[in-house]
Amino acid sequence: MALSRRDFLKLCGGSAAALGLSQTFVPEIAHALEKAAAGQPPVIWLAGSACTGCSVSLLNTVHPDIKDVLLKIISLRYHQTVMAASGDLALEAIERTYRDAPGKYLLLVEGAIATGADGLYNTLGEKNGKPITMLDWTRKLAGKAAAAVSVGTCAAFGGIPAASPNPTGAKPVSAIFSEAKIKTPLINVPGCPPHPDWMVGTLAHVLLYGVPKVDALGRPVLFFGETIHDNCPYRGYFDEGKFAKKWGDEGCRFELGCKGPETHADCWKRQWNNGVNWCVRNAVCTGCVEPTYPAPQYEPIG
Ligand code: FSX
Ligand code: SF4
Ligand code: SF4
């Protein structure tokens, strides 16, 4: 039986009853995806100014596992670190998808886009002796994509590559879209890196039900709708005014630099590494899903 959108949202949202403590995706979602994606939508994954952490995080997806995502759910036509092809063969895969599947492929962009020096800080390869820049190809490929996703905070908001003094002129994907007047729907899935569930969940929503509901910053409300602080297990300490003064102290981590009060994400219930741990239990929330990231990590919000 097909998974209704309502059930999907419930499963993704991870009500404690549905998911228990691990808060990873459940097999139902994997099955629904496999069925829905019988046509295997082509996906082009471009990477610009990034650390590849987003790709590595995606490899940690549990349900569905990465093998199923890549082999059964999507048809990944181009991903420079995962694909076997290189050189002309790899670039041809992009050209072919652009030519043969207009309006059908999904464009995923990891990393900010360098705009300085005509985009030469981010090149994908060359054609007829001329460099192919991320800047040009993002503009070109975005125009004919069914939808686009900015994967990670660098792509969504600029992140670390766009931090001052930003010598490469790194910009978020949304800036390239608005400058080039590209109307393709663009979803932001921030996080440095994003949780695998946020990436697979967003992709799943696009494939099964279309573009998900997003907040004012283009993030799916399903994952980024509430603050860390409003749901934090240390919130009782905050309300009582009991603050940790040094690492290891009992209490709320606000004075150690926690950005939870200004950060919208569901790490408090989803947790990381298949539900093993999360930032605030170890240290502080650095606000990695917000446009203000990277802010000084261990300085309290002023
Ligand atoms: Fe950025 Fe992706 Fe931070 Fe890295 O590649 S979101 S630097 S963890 O992971 O783009
Ligand atoms: Fe808020 Fe951070 Fe304190 Fe949790 S640890 S209550 S998120 S300030
Ligand atoms: Fe990012 Fe904060 Fe979640 Fe850690 S707890 S992953 S810093 S949003």
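Numbering of ligands and ligand atoms starts at 1, following listing order. Only heavy atoms go into these numbers, but all of them, side chains included; no hydrogens, no water, no symmetry mates.
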Do the charged groups of [X] and [Y] touch, with an N to O distance under 4.0 Å?
{"X": "Glu290", "Y": "Arg219", "answer": "yes"}
{"X": "Asp136", "Y": "Lys140", "answer": "no"}
{"X": "Lys171", "Y": "Glu179", "answer": "yes"}
{"X": "Glu255", "Y": "Lys246", "answer": "no"}

Number the atoms of ligand 2 from 1 as they appear, then name those within less than 4.0 Å of a heavy atom of [X], with their elements.
{"X": "Val280", "result": "5 (S)"}
{"X": "Cys232", "result": "4 (Fe), 5 (S), 6 (S), 7 (S)"}
{"X": "Gly260", "result": "7 (S)"}

- Message: I'd like the name of whichever of Arg235, His229, Lys259, Glu262 reaches closest to atom 1 (Fe) of ligand 2 through any heavy atom.
- Response: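 Nearest option to atom 1 (Fe) of ligand 2, by heavy atoms: His229.
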- If you compare Gly191, Pro193, Ala112 by their heavy atoms, the one closest to atom 6 (S) of ligand 1 turns out to be Gly191
- Message: When you compare ligand 1 with Thr52, is there at least one nitrogen or oxygen pair between them that comes in under 3.5 angstrom?
- Response: yes
- Just distances here: any N/O of Gly53 and N/O of ligand 1 closer than 3.5 Å?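 Min N/O separation from ligand 1 is below 3.5 Å for Gly53.
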Tell me, which protein residue and heavy-atom name are nearest [atom], and how many Å apart are they?
{"atom": "atom 3 (Fe) of ligand 1", "result": "Cys192 SG, 2.2 Å"}
{"atom": "atom 7 (S) of ligand 1", "result": "Cys154 SG, 3.3 Å"}
{"atom": "atom 5 (S) of ligand 2", "result": "Arg253 N, 3.3 Å"}
{"atom": "atom 3 (Fe) of ligand 3", "result": "Cys267 SG, 2.2 Å"}
{"atom": "atom 4 (Fe) of ligand 1", "result": "Cys51 SG, 2.2 Å"}
{"atom": "atom 4 (Fe) of ligand 3", "result": "Cys279 SG, 2.3 Å"}
{"atom": "atom 5 (O) of ligand 1", "result": "Glu110 OE2, 2.5 Å"}
{"atom": "atom 8 (S) of ligand 3", "result": "Thr263 CG2, 3.6 Å"}
{"atom": "atom 2 (Fe) of ligand 3", "result": "Cys285 SG, 2.4 Å"}
{"atom": "atom 9 (O) of ligand 1", "result": "Cys54 N, 2.8 Å"}

- Message: Tell me whether the NZ or CZ atom of Lys144 lies within the 45° cone about the ring axis of Tyr98 and under 6.0 Å from its centre.
- Response: yes
- Message: Quick check on contacts: which atoms of ligand 3 are under 4.0 angstrom from a heavy atom of Thr286?
- Response: 7 (S)
- Message: Using a 4.0 Å cut-off to any heavy atom of Trp272, which atoms of ligand 3 qualify?
- Response: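 The list of qualifying atoms is 6 (S).
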- Query: Just by distance, do the side chain of Asn273 and the backbone of Val276 share a donor-acceptor pair under 3.5 Å?
  - Reply: no
- For Arg253 and Val280, indicate whether the former's side chain and the latter's backbone hold a donor-acceptor pair under 3.5 Å.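 Here the side-chain-to-backbone pair exists.
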- Query: Using 30° and 60° as the class limits, which term best fits the ring planes of Phe238 and His229: parallel, tilted or perpendicular?
  - Reply: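 Geometry flag for His229 against Phe238: perpendicular rings.
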- Query: What's the shortest heavy-atom distance between Pro261 and Ile301, and which atoms?
  - Reply: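 Scanning both residues, the minimum pair turns out to be CD-CD1, 3.9 Å.
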- Query: Shortest non-hydrogen contact from Gln80 to Leu124?
  - Reply: OE1-CD2, 3.8 Å
- In this structure, are over 12 heavy atoms from other groups packed under 6.0 Å from Asn277 atom CG? yes
- Message: At less than 4.0 angstrom from any non-hydrogen atom of Thr153, what atoms of ligand 1 do you find?
- Response: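 Reading through ligand 1 atom by atom, the close ones are 6 (S).
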- Query: Backbone or side chain, does Cys252 get an N/O/S atom under 2.8 Å to atom 4 (Fe) of ligand 2?
  - Reply: no
- Task: Give, for atom CG of Asn282 and atom CH2 of Trp272, the distance between the pair rounded to the nearest 0.5 Å.
- Result: 12.5 Å
- Query: Heavy atom of Trp268 under 4.0 Å from ligand 3?
  - Reply: no
- Query: Is it true that Tyr234 and Trp268 have ring centroids separated by less than 6.0 Å?
  - Reply: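 Judged by ring-centre distance (under 6.0 Å), Tyr234 and Trp268 do not meet the cut-off.
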